[in-house]
There are 2 protein chains.
Amino acid sequence: MKEGPDIARVAALLGDPARANMLTALMSGRALTATELAQEAGVTPQTASSHLAKLEAGQIVKPRKEGRHRYFTLSGPDIVEALEVLMGIANRVGHNRVRTGPKDPELRKARVCYDHLAGDMGVALFDGLAKRKLIESDLNGVALTPAGIDFANMFGIDLDGLRAKRRPLCRECLDWSARQSHLAGSFGAALLDRFYDLGWARRLPESRIVRFSDAGEKSFRDLINP
Amino acid sequence: MKEGPDIARVAALLGDPARANMLTALMSGRALTATELAQEAGVTPQTASSHLAKLEAGQIVKPRKEGRHRYFTLSGPDIVEALEVLMGIANRVGHNRVRTGPKDPELRKARVCYDHLAGDMGVALFDGLAKRKLIESDLNGVALTPAGIDFANMFGIDLDGLRAKRRPLCRECLDWSARQSHLAGSFGAALLDRFYDLGWARRLPESRIVRFSDAGEKSFRDLINP
DNA sequence: TTCATAGTTCGATGCTAATCGAAGCATTGA
DNA sequence: TCAATGCTTCGATTAGCATCGAACTATGAA
């Protein structure tokens with residue numbers, strides 16, 4: 001009885017620990033080489049190569065050749081979404097065997113996760129917004145409160161524009177280093193964009209690090225402390 | 001290297017064909033017994049029992065004991081969402097080895113999928129709304145157009161109320177019998193509720209069948225035919 | 001009590017897939 | 001041309017797990 005709904009094939013691709021490690025690493029939004037992914041997954045390059053071939057065949061990742069390196073990225077936003085949902089479930093059911101996070105203190109502090117803010121400051125943002133009752137979180141997910149909608153408008157975020165997109169407005173994304181949630185979804189991404197626009201922070205080139213200026217970090221603290 | 005991010009454990013649970021068959025069947029929204037699920041998956045009761053134990057331990061499904069039956073349901077909306085996203089990916093990458101759908105013609109025509117309309121009429125609804133340009137669908141998902149927002153308000157659906165929920169407004173859900181998409185998400189569910197309220201259709205007790213009245217079906221056709 | 005149905009546990013089997021060592025290409029740089 | 005690096009292919013090993021037959025428990029009906 002080897003014919004089943006195809007979700008099994010996709011889920012099986014995500015269901016191997018080594019592959020899941022690689023995909024989690026790719027959630028950072030950066031393109032990574034095969035050897036980097038092998039290290040992330042804790043397997044030898046040969047094994048990683050075999051896994052990457054499978055992921056590529058299943059169109060979970062897509063490769064880009066550059067010099068003698070092969071850079072991989074997630075193949076689309078639906079993959080990101082699937083990983084986020086799965087992380088949420090894993091978190092809910094308590095399977096919390098968390099990867100060792102990045103060592104670099106700057107990475108731990110603030111980095112991009114795909115297109116939104118992660119790291120300690122990402123978690124602080126999530127908690128701060130929740131404490132100010134601008135977002136609300138329960139078993140079903142996260143949502144903006146009425147006060148949160150007012151805040152977003154005041155902060156210069158075009159909510160109607162975001163709603164017109166297909167992407168969910170708010171989503172929890174389990175942090176890779178800390179084991180707490182930070183804010184993903186189109187609203188999470190818009191917030192980070194706004195931080196860039198306001199000059200609070202900038203993304204270091206060729207890196208996942210988000211570096212806040214002193215003044216920017218102060219404004220950020222004011223934002224999340226009621 | 002057996003410690004990985006927990007998404008692998010969850011994904012692995014969804015990644016077996018037999019289990020995926022069971023879970024797909026549970027997307028219907030009905031609670032099913034262990035033997036029914038065994039038939040759906042095409043395995044013997046012993047095998048099914050083993051799978052169900054795993055799914056239960058992983059909190060993917062939850063059991064309810066009634067007489068000498070054990071009824072299983074999906075353990076939460078996040079599981080439904082995960083399955084829908086995975087179906088979307090599987091559809092996109094072309095892994096379309098589709099299950100044989102239900103035999104009952106009434107089931108093929110119109111049934112509930114969790115809480116929204118599925119079957120031929122579900123697909124027709126999706127296509128009709130798209131043709132009237134009330135919804136828009138691309139690689140990233142589905143969304144209401146401005147015209148669609150007007151329509152929803154006119155049709156008596158409280159969009160702001162839905163937006164306050166954590167659940168995505170619109171989502172594609174791959175049909176179980178046909179291999180086309182129908183409309184899920186909170187808007188899809190609200191539409192079906194509205195059909196009930198308007199007396200167009202009702203759900204048969206102890207079944208997944210949605211039966212439209214003659215007048216109701218006519219109104220439905222008018223709705224989706226521009 | 002006896003029988004039937006629903007479901008589980010146990011044990012044996014067999015297949016699949018993850019893993020790594022070793023060798024093979026391919027690209028870059030000297 | 002030679003060496004080094006990045007990555008893949010091949011082959012052998014191993015471990016895990018899905019599967020089912022057979023036996024067991026539990027609930028309900030006659």
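Protein chains get the first letters and strands the later ones, always in sequence-line order, with residue 1 at the start of each.
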Residues forming a side chain to side chain contact (heavy atoms under 4.5 Å, CB included) with Ala110(A), sequence neighbours excluded:
Leu117(A), Met121(A), Val210(A), Phe212(A)

Does atom CG of Asp197(B) have more than 12 heavy-atom neighbours, drawn from other residues, nucleotides or ligands, at distances under 6.0 Å?
yes

Please report, rounded to the nearest Å, how far the P atom of dA6(C) is from the CZ atom of Arg64(B).
17 Å

Tell me the interatomic distance from Glu56(A), atom CD, to dC7(D), atom C1', rounded to whole angstroms.
12 Å

Applying side chain to side chain donor-acceptor pair (under 3.5 Å), which residue pairs with at least one partner in residues 71-84 of chain B are found, sequence neighbours left out?
Arg92(A)-Ser75(B), Arg92(A)-Asp78(B), Arg171(A)-Glu81(B), Glu81(B)-Arg171(B), Glu84(B)-Arg171(B)

note: His69(A), atom NE2; dC25(C), atom C1'; distance rounded to Å ~ 16 Å

Would you jot down, in residue-number order, the residues of residues 47-55 of chain A having a non-hydrogen atom under 4.0 Å from DNA chain D?
Ser49(A)

Round to the nearest Å and state the distance from Gln46(A) atom CD to dC25(C) atom P.
17 Å

Distance in angstrom units between Arg9(A) CZ and dA17(C) P, rounded
10 Å

Does dA18(D) have OP1 or OP2 under 4.0 Å away from a side-chain N or O of Arg19(B)?
yes

Donor-acceptor under 3.5 Å (Ser49(A) side chain, Pro45(A) main chain)
no

Show the numbers, then the answer: is there a side-chain contact (heavy atoms from CB on, under 4.5 Å) between Leu26(A) and Leu32(A)?
CA-CA 7 Å; Leu26(A) 288 175; Leu32(A) 298 174; 4.0 Å; yes

Tell me, for nucleotides 25-30 of chain D in 5' to 3' order, what letter each nucleotide earns: B for a base near a protein heavy atom under 4.0 Å, S for only sugar-phosphate near one, - for neither?
--BS--

Arg19(B) side chain to Ala12(B) backbone, donor-acceptor under 3.5 Å:
yes

Could you check Glu36(B) against Thr44(A) and say which one's nearest nucleotide on DNA chain C is further toward the 5' end?
Glu36(B)

His116(B): partners by ring-ring contact (aromatic ring centres under 6.0 Å, His included), with sequence neighbours left out:
His182(B)

Just the rounded figure in Å: distance from C1' of dT8(C) to CZ of Phe72(B).
11 Å

Does Ser219(B) have any side chain to side chain donor-acceptor pair (under 3.5 Å) partners at least two apart in sequence or in another chain, and if so, which?
none

State whether the number of non-hydrogen atoms from other residues, nucleotides or ligands found under 6.0 Å of Asp214(A) atom CG is greater than 12.
no

Length of the line joining Asp16(B):CG and dA18(D):P, which is rounded to integer Å:
5 Å

